[in-house]
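The structure appears right after this line, and notes come after that.
The sequence lines fix the lettering, A, B, ..., with proteins before strands; numbering per chain opens at 1.
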There are 2 protein chains.
Amino acid sequence: MAEYTFNVEMACSGCSNAVNRALGRLEGVENIDISLEKQTVVVKTELPREKVLETIKKTGKTVKDE
Amino acid sequence: MAEYTFNVEMACSGCSNAVNRALGRLEGVENIDISLEKQTVVVKTELPREKVLETIKKTGKTVKDE
């Protein structure tokens, strides 16, 4: 199990909820912790980082310092 | 070429920009017209409706009356 942190541009709770929902549909995700204030998405998972990153990108949100 | 309209919950311009970005990456999309005010996403495309719907859903946004 690994924990990955992504810096994601999210402007409102609608944005962060969307990211949360998209990640929540992934099998193999243990925990999702999103901070709108810090603009961070922390994912605890068995999946490779690349798979999680790809899913976040499909939300259309901008990921900084990938 | 067909034009499909989806009712999508978008709370701010960050939300609508994300949907726009996700759809913009799809090959075969001719035009995207998003209204935050009307909560609509209008897509002109050669793709089947289902493919466009799936891409919108991957943004994590809620689509009403699919």
Kindly compute the distance separating CD (A:Glu9) from CG (B:Asn17), expressed to the nearest 0.5 Å.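 Reported to 0.5 Å precision, the distance equals 10.0 Å.
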
Going from SG on A:Cys15 to NZ on B:Lys61, what distance comes out if it is rounded to the nearest 0.5 angstrom? 5.0 Å

ILVMFWY network linking [X] to [Y], side-chain heavy atoms under 4.5 angstrom:
| X | Y | value |
| --- | --- | --- |
| B:Val52 | B:Val63 | yes |
| B:Ile56 | A:Leu26 | no |
| A:Met10 | B:Leu36 | no |

Let's test your reading of the structure: which of A:Ala11, A:Ala18, A:Gly14 forms the most heavy-atom pairs below 4.5 Å with chain B? A:Ala18

Answer yes or no: does atom CD of A:Glu3 have more than 12 heavy-atom neighbours from other residues, nucleotides or ligands under 6.0 Å?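 Yes, CD of A:Glu3 has more than 12 neighbouring heavy atoms, counting only those of other groups under 6.0 Å.
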
Would you check if B:Arg21 and A:Thr59 make a side-chain contact, meaning some heavy-atom pair closer than 4.5 Å?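 A side-chain contact is absent here, since even the closest heavy-atom pair is not under 4.5 Å.
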
Heavy-atom cut-off 4.5 Å, strictly under: side chain, backbone, both or neither for A:Ser13 against chain B?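 Neither the backbone nor the side chain of A:Ser13 comes within 4.5 Å of chain B.
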
Would a distance-only check, ignoring hydrogens and angles, find a side-chain to backbone donor-acceptor pair under 3.5 Å from B:Lys57 to A:Ala22? no

